[in-house]
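Each remark here refers to the structure printed beneath this line.
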Amino acid sequence: PNAKHGTHVAGISAGSGFGGPTASKYRGVAYESDLVMVGITPAASQWTSAGMSDIIDGMNYVYNYAASVGKPAVVNLSWGCTVGPHDGSSLFSQGCDALTGAGKLFVVSAGNNGTNAIHVKKSFTLTDTLLKTVVNFNTSLPEKKTWLDIWGDVSKLFQVKLSLHNGAALVSQTRFFTLNSTTLDTFIVGALSDTCYFKITLIPSDYNSKPHALIDVYSKTANNLCLNIKANSGTVHAWTGYVKASTGYYGSFSTAGITGATAGNLDYTIGEMACTKSAITVGA
């Protein structure tokens with residue numbers, strides 16, 4: 001499917017129209033352009049760090065080639081992931097902003113998550129200190145895996161906890177984890193002694209000065225998984241999403257009947273790279 005999509009987009013962009021009923025009927029928008037193709041499969045760590053360095057390297061390759069033949073270049077990428085701060089500050093965004101400019105454009109898809117409740121948000125006060133939301137896994141994956149990416153406001157720290165529920169009833173829960181520059185690889189046990197494994201990275205101040213927690217989840221229990229976030233002030237955004245090989249898998253946030261839980265919403269659902277200031281982001 002990725003090869004078919006790439007061929008489709010390349011034809012729209014720069015197809016010559018050769019072989020059509022007339023020379024111009026099915027040609028692309030920039031039909032006299034040359035095509036340069038770069039094949040990559042970024043490692044999972046590139047998505048979870050919001051760095052996507054393989055993509056930056058591919059862009060750089062195209063721009064260098066274009067300069068060598070004296071032409072401007074547009075890099076088109078119909079790819080993305082929901083992990084990252086979504087504010088134009090990520091490592092990828094910084095690299096893209098530095099790399100692009102006159103004659104070096106970057107066009108990226110907005111993503112396909114406009115109808116997926118992959119985002120949840122809460123503004124905390126001294127009397128409203130807890131966000132609870134249930135994590136729904138994408139059923140296309142044979143295993144229940146996802147990433148949970150949580151970002152707060154500058155200097156407004158938060159705490160995170162995971163809990164398992166049988167329906168609405170609490171089965172087990174972790175302690176609240178503070179943002180203390182550590183990574184923990186641990187687990188929580190469900191009602192039938194099945195295990196939910198998770199690795200949590202806790203960063204009090206990331207590259208954009210915002211507090212950040214990333215949770216890599218692999219659940220083997222039928223219990224509902226609930227993400228709990230606690231703070232006294234500030235606003236927190238959380239996204240769910242997962243990339244395996246070259247395919248994205250997106251679940252959602254919901255209430256699942258748990259008292260006080262917050263459902264996900266359709267806000268802030270464009271991809272992380274699509275938030276880059278220098279990018280031309282395309283969506284329907």
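If you're wondering where the values come from, they're calculated on a predicted model, not measured in any experiment.
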Q. Side-chain heavy atoms under 4.5 angstrom apart, residues restricted to Ile, Leu, Val, Met, Phe, Trp, Tyr: same cluster for Leu99 and Val62?
A. yes
Residues 91-113 vs salt bridge (Lys or Arg N to Asp or Glu O under 4.0 Å), sequence neighbours excluded, gives none
Residue pairs passing the salt bridge (Lys or Arg N to Asp or Glu O under 4.0 Å) test with at least one member in residues 256-273, sequence neighbours excluded, are none
**OP:** Walk me through it: do Ile200 and Leu214 pass the test side-chain contact (heavy atoms from CB on, under 4.5 Å)?
**Re:** CA-CA 6 Å; Ile200 182 169; Leu214 173 69; over 6 Å; no
When every non-hydrogen atom of Ser219 is compared with those of Phe137, the smallest separation belongs to CB-CZ, 3.9 Å
d(Phe124 CZ, Ser233 OG) to nearest 0.5 Å is 9.5 Å
When you measure from the side chain of Thr240 to the backbone N and O of Gly251, does any donor-acceptor pair fall under 3.5 Å?
no
Tightest non-hydrogen contact, residues Cys96 and Met59, listed as SG-CE, 3.7 Å
Consider only side-chain N and O atoms of Thr41 and Ser246, and report whether a donor and an acceptor are under 3.5 Å apart.
no
Atom CD of residue position Glu32 - does it have more than 12 heavy atoms of other residues, nucleotides or ligands inside 6.0 Å? no
Those residues at least two apart in sequence (or on a different chain) that pass side chain to side chain donor-acceptor pair (under 3.5 Å) with Thr48 are none
On a heavy-atom basis, the closest approach of Asp54 and Pro42 is OD2-CA, 3.7 Å
task: Take Val217 and Leu225 through the test side-chain contact (heavy atoms from CB on, under 4.5 Å) and record every step on the way to the result.
output: CA-CA 10 Å; Val217 179; Leu225 176 65; 3.7 Å; yes
Members sharing Val74's hydrophobic cluster, built from side-chain contacts under 4.5 Å between Ile, Leu, Val, Met, Phe, Trp and Tyr, are Leu105, Val107, Ile280, Val282
inquiry  = Does Asn112, at its CG atom, have more than 12 non-hydrogen atoms belonging to other residues, nucleotides or ligands within less than 6.0 Å?
reply    = no
Sorted by chain and residue number, the ring pair (Phe, Tyr, Trp, His ring centres under 6.0 Å) partners of Tyr249 (sequence neighbours excluded) come out as none
Does Thr255 use its side chain to pair, donor to acceptor, with the backbone of Ile258 at less than 3.5 Å? no
Between Lys122 and Asp128, does any side-chain N to carboxylate O distance fall below 4.0 Å? yes
Apart from Met37 itself, its cluster of hydrophobic side chains linked below 4.5 Å comprises Leu35
One should read off an interatomic distance between Cys226 SG and Phe253 CZ, to the nearest 0.5 angstrom, of 10.5 Å
Nearest heavy-atom approach of Trp79 to Ile55 is CE3-CD1, 4.5 Å
Worksheet item: Within the distance-only criterion (no hydrogens, no angle test), does the side chain of Asp206 pair as donor or acceptor with the backbone N or O of Asn208 below 3.5 angstrom?
Response: no
Rounded to the nearest 0.5 angstrom, the OG-CE distance for Ser45 and Met52 is 11.5 Å
### Derivation of the side-chain contact (heavy atoms from CB on, under 4.5 Å) call for Ser252 and Asn116
CA-CA 6 Å; Ser252 63; Asn116 304 133; 5.8 Å; no
query = Mind checking whether His212 and Trp151 have parallel, tilted or perpendicular rings, split at 30° and 60°?
reply = parallel
Worksheet item: So, Lys210 side chain and Ser205 main chain: donor-acceptor pair closer than 3.5 Å or not?
Response: no
Shared hydrophobic cluster, Phe198 / Tyr218 (ILVMFWY, side-chain heavy atoms < 4.5 Å): no
Quiz prompt | Check: Phe106 ring centroid to Phe92 ring centroid under 6.0 Å | solution = yes
So the salt bridge (Lys or Arg N to Asp or Glu O under 4.0 Å) pairs with at least one residue in residues 40-50 (sequence neighbours excluded) are none
Assess the side chains of His237 and His86: does a donor N or O sit below 3.5 Å from an acceptor N or O? no
Which donor-acceptor pairs under 3.5 Å do side chains of residues 177-195 form with protein atoms, sequence neighbours excluded?
unit_1 : atom_1 : unit_2 : atom_2 : d
Asn180 : OD1    : Thr182 : OG1    : 2.6
Thr183 : OG1    : Thr201 : OG1    : 3.2

Taken to the nearest 0.5 Å, the spacing of Lys220 NZ from Lys145 NZ works out to 10.0 Å
Taking every heavy atom of Thr100 against every heavy atom of Tyr63, the minimum-distance pair comes out as CG2-OH, 3.6 Å
Q) Would you find a donor on one side and an acceptor on the other, under 3.5 Å apart, between the side chain of Thr276 and the backbone of Met273? A) yes
| request: Without swapping roles, check the side chain of Trp147 against the backbone of Val243 for a donor-acceptor pair under 3.5 Å. | output: no
- Message: Would you say Val69 ends up clustered with Val38 if hydrophobic residues are merged whenever their side chains have heavy atoms under 4.5 Å apart, either directly or through other cluster members?
- Response: yes
For Ser78 and Val9, the nearest pair of non-hydrogen atoms, with its separation, is OG-CG2, 4.1 Å
Less than 4.5 Å apart, side chain to side chain, heavy atoms only: is that true for Pro85 and Ser90? yes
| query | Counting distance only, does the side-chain N/O of Thr133 pair as donor-acceptor with the main-chain N or O of Thr262 below 3.5 Å? | reply | yes
When rounded to the nearest 0.5 Å, the distance separating OG1 of Thr7 from CD1 of Ile12 is 11.0 Å
Report task. Count the heavy atoms of every other residue, nucleotide or ligand shown that sit under 6.0 Å from OH of Tyr61, and state whether that count exceeds 12. Result -> no
Please tabulate, for side-chain N and O atoms in residues 157-170, each donor-acceptor pair with protein atoms closer than 3.5 Å (sequence neighbours left out).
unit_1 : atom_1 : unit_2 : atom_2 : d
Lys161 : NZ     : Gln173 : OE1    : 2.7
Ser163 : OG     : His165 : NE2    : 2.9
Ser163 : OG     : Asn228 : ND2    : 3.1

Q) In terms of hydrophobic clusters joined by side-chain contacts under 4.5 Å, are Ile150 and Val120 together? A) yes
* Hey, is the main chain of Ala274 close enough, under 3.5 Å, to the side chain of Thr281 for a donor-acceptor pair? -> yes
The reported gap from CH2 in Trp239 to CD1 in Ile118 (rounded to nearest 0.5 angstrom) is 9.0 Å
The side chain to side chain donor-acceptor pair (under 3.5 Å) partners of Ser254 (sequence neighbours excluded) come to Asn136
Applying ring pair (Phe, Tyr, Trp, His ring centres under 6.0 Å) to Tyr250 and not counting sequence neighbours gives none
* To do: Determine whether Val236 and Leu227 fall in the same hydrophobic cluster, where Ile, Leu, Val, Met, Phe, Trp and Tyr are linked whenever their side-chain heavy atoms lie under 4.5 Å apart.
  => yes
Task: Main-chain N/O of Ser53 paired to Gln46 side chain as donor or acceptor, under 3.5 Å - done: yes
Here the salt bridge (Lys or Arg N to Asp or Glu O under 4.0 Å) pairs for residues 34-50, sequence neighbours left out, are Asp34-Lys71
| request: Take Leu91 and Tyr207, measure what side-chain contact (heavy atoms from CB on, under 4.5 Å) needs, and give me the verdict at the end. | output: CA-CA 8 Å; Leu91 299 177; Tyr207 43 73; 3.9 Å; yes
Q. So do Lys244 and Leu141 actually touch side chain to side chain, heavy atoms under 4.5 Å?
A. yes
